[in-house]
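Treat the numbers as computed from the prediction; the structure is a model and nothing was measured.
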Amino acid sequence: MQITPHFTLEELACHDGTPYPQAWVASRAVPICEAAEFIREQCGFPLVVNSGFRTESYNRSIGGARNSQHVQGRALDLHPQRGSLKVLREAAQRARELGLITGIGFYSDFVHIDTREGPNVTWYGSRTVEQNMGKE
């Protein structure tokens, strides 16, 4: 099922085979995919969804954060299909400046984005470096 022009519900499914919860499509999948569309447009190249929704058991099995936004269906880990990770990082920051996302995690080969409720948060790897500031 197409959520936005370049992202599908199937891409958001858990890697254990569990589909993205239908009850969350309008309220959670659409906003995170719209943010990803904005980021893709800013980048000018396709993005790959490394991880979308995760079940609690799958999240535990991979060592995900206890309160992971992936479990809530509000997060995507994105990797440039071709293009620069630096450009992807900058586009994610612009998306947050516009209020499309609230969480950004910078990793060595992907960028985590989420639409968590509450203050902005940024981290590098697993270390939180900023809360409630909205800028790098």
Side-chain angles (χ1 to χ4, degrees):
M1 172 186 165
Q2 206 71 35
I3 299 173
T4 60
H6 298 99
F7 297 95
T8 66
L9 197 58
E10 292 76 21
E11 288 178 280
L12 275 58
C14 185
H15 289 296
D16 72 2
T18 304
Y20 189 94
Q22 283 293 321
W24 292 347
V25 171
S27 63
R28 299 179 189 192
V30 170
I32 194 67
C33 287
E34 287 175 343
E37 283 290 346
F38 172 83
I39 292 167
R40 184 186 192 279
E41 181 181 311
Q42 293 293 301
C43 289
F45 50 74
L47 301 174
V48 176
V49 176
N50 291 345
S51 184
F53 169 69
R54 297 179 190 159
T55 61
E56 289 186 26
S57 60
Y58 182 77
N59 190 60
R60 274 193 308 275
S61 77
I62 63 167
R66 188 172 12 134
N67 296 315
S68 173
Q69 294 299 302
H70 289 280
V71 175
Q72 299 300 316
R74 298 178 192 271
L76 298 177
D77 292 342
L78 301 171
H79 178 79
Q81 186 175 23
R82 60 179 187 277
S84 164
L85 190 60
K86 180 180 185 285
V87 170
L88 172 56
R89 290 174 176 158
E90 291 168 353
Q93 289 173 314
R94 281 193 296 278
R96 183 163 66 195
E97 289 167 5
L98 293 174
L100 299 174
I101 59 175
T102 48
I104 303 176
F106 296 108
Y107 293 83
S108 62
D109 60 347
F110 70 93
V111 174
H112 166 100
I113 63 168
D114 68 58
T115 55
R116 72 184 63 218
E117 296 176 350
N120 289 342
V121 61
T122 301
W123 66 93
Y124 295 82
S126 61
R127 183 173 56 91
T128 301
V129 295
E130 168 198 333
Q131 287 186 317
N132 208 19
M133 292 180 66
K135 32 184 160 158
E136 292 298 315

Peer 1: Taking all heavy atoms of Val111 and all of Ala92, pick out the closest pair and write down the distance.
Peer 2: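 For Val111 and Ala92, the tightest heavy-atom pair comes out as CG1-CB, 4.1 Å.
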
Peer 1: For Arg94, check salt bridge (Lys or Arg N to Asp or Glu O under 4.0 Å) against everything at least two apart and list the hits.
Peer 2: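 Result, salt bridge (Lys or Arg N to Asp or Glu O under 4.0 Å) vs Arg94: none returned.
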
Peer 1: Measuring from atom CD1 of Ile104 to atom CD1 of Ile113, what distance do you get when rounded to the nearest 0.5 angstrom?
Peer 2: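 Reported value, rounded in 0.5 Å steps: 8.5 Å.
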
Peer 1: Output all residues satisfying side-chain hydrogen bond (donor to acceptor under 3.5 Å, both in side chains) with Ser57, sequence neighbours left out; order by chain, then residue number.
Peer 2: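 Once residues adjacent in sequence are excluded, the partners of Ser57 under the side-chain hydrogen bond (donor to acceptor under 3.5 Å, both in side chains) criterion are Thr55.
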
Peer 1: Listing request: all salt bridge (charged side-chain N to carboxylate O under 4.0 Å, His left out) pairs with a residue in residues 7-23, at least two apart in sequence or in separate chains.
Peer 2: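 Passing the test, one end in residues 7-23: no pairs.
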
Peer 1: Restricting to side chain to side chain contact (heavy atoms under 4.5 Å, CB included), what partner residues turn up for Glu41, sequence neighbours left out?
Peer 2: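 Residues passing side chain to side chain contact (heavy atoms under 4.5 Å, CB included) with Glu41: none at all.
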
Peer 1: Decide yes or no for Glu56 and Asn59: does some side-chain heavy atom of the first lie under 4.5 Å from some side-chain heavy atom of the second?
Peer 2: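 Not in contact.
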
Peer 1: Just how far is it from atom CG of Leu47 to atom CG of Leu76, taken to the nearest 0.5 Å?
Peer 2: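 Between atom CG of Leu47 and atom CG of Leu76 there are 9.5 Å.
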
Peer 1: Could you list all the salt bridge (charged side-chain N to carboxylate O under 4.0 Å, His left out) pairs where at least one residue sits in residues 65-89, not counting sequence neighbours?
Peer 2: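 Salt bridge (charged side-chain N to carboxylate O under 4.0 Å, His left out) check on residues 65-89 returns Arg54-Asp77, Arg74-Glu117, Lys86-Glu90.
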
Peer 1: For a quick test of reading the model, state the closest non-hydrogen atom pair linking Pro80 to Phe45 and the distance between them.
Peer 2: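 Reported closest heavy-atom pair: CB-CE1, 3.4 Å.
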
Peer 1: Please enumerate all residues that pass ring-ring contact (aromatic ring centres under 6.0 Å, His included) together with His112, with sequence neighbours excluded.
Peer 2: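 Partners of His112 by the ring-ring contact (aromatic ring centres under 6.0 Å, His included) criterion, ordered by chain and then number, come out as His70, Trp123.
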
Peer 1: For the pair Leu78 and Val49, evaluate side chain to side chain contact (heavy atoms under 4.5 Å, CB included) and give the outcome as yes or no after the intermediate values.
Peer 2: CA-CA 5 Å; Leu78 301 171; Val49 176; 4.0 Å; yes

Peer 1: Could you grab the distance from atom CD of Gln69 to atom OG1 of Thr102, nearest 0.5 Å is fine?
Peer 2: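 It comes to 7.0 Å.
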
Peer 1: Calculate, to the nearest 0.5 Å, the distance between atoms CG and CD belonging to Asn67 and Gln72 respectively.
Peer 2: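 Spacing of CG (Asn67) from CD (Gln72) equals 8.5 Å.
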
Peer 1: Quick one: list whatever passes side-chain hydrogen bond (donor to acceptor under 3.5 Å, both in side chains) with Arg116, sequence neighbours left out.
Peer 2: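 With neighbours one apart ignored, the set is Asp114.
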
Peer 1: Short question: side chain of Tyr20, backbone of Ala13 - any donor-acceptor pair under 3.5 Å?
Peer 2: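 Side chain of Tyr20 to backbone of Ala13: no pair is present.
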
Peer 1: Is there a path of hydrophobic side-chain contacts, each under 4.5 Å between heavy atoms, that joins Leu9 and Val71?
Peer 2: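 Different hydrophobic clusters.
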
Peer 1: Table please: side-chain donor-acceptor pairs of residues 30-39 below 3.5 Å, with sequence neighbours left out.
Peer 2:
residue, atom, partner, partner atom, Å
Glu37, OE1, His6, ND1, 2.8
Glu37, OE2, Thr4, OG1, 2.8
Glu37, OE2, His6, N, 2.5
Glu37, OE2, His6, ND1, 3.4

Peer 1: Is there a donor-acceptor pair under 3.5 Å between the side chain of Arg96 and the backbone N or O of Val121?
Peer 2: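 Judged by distance alone, yes, a pair lies under 3.5 Å.
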
Peer 1: Using the test ring-ring contact (aromatic ring centres under 6.0 Å, His included), find all partners of Phe7 that sit at least two apart in sequence or belong to another chain.
Peer 2: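 Partners of Phe7 by the ring-ring contact (aromatic ring centres under 6.0 Å, His included) criterion come out as none, since no residue qualifies.
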
Peer 1: What distance do Gln81 atom CD and Leu88 atom CG have between them, rounded to the nearest 0.5 Å?
Peer 2: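 With rounding to 0.5 Å, CD (Gln81) is 12.5 Å from CG (Leu88).
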
Peer 1: To which residues is Ile62 joined in a hydrophobic cluster, defined by side-chain heavy-atom contacts under 4.5 Å among Ile, Leu, Val, Met, Phe, Trp and Tyr, whether direct or through other members?
Peer 2: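 Members alongside Ile62: Tyr58.
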
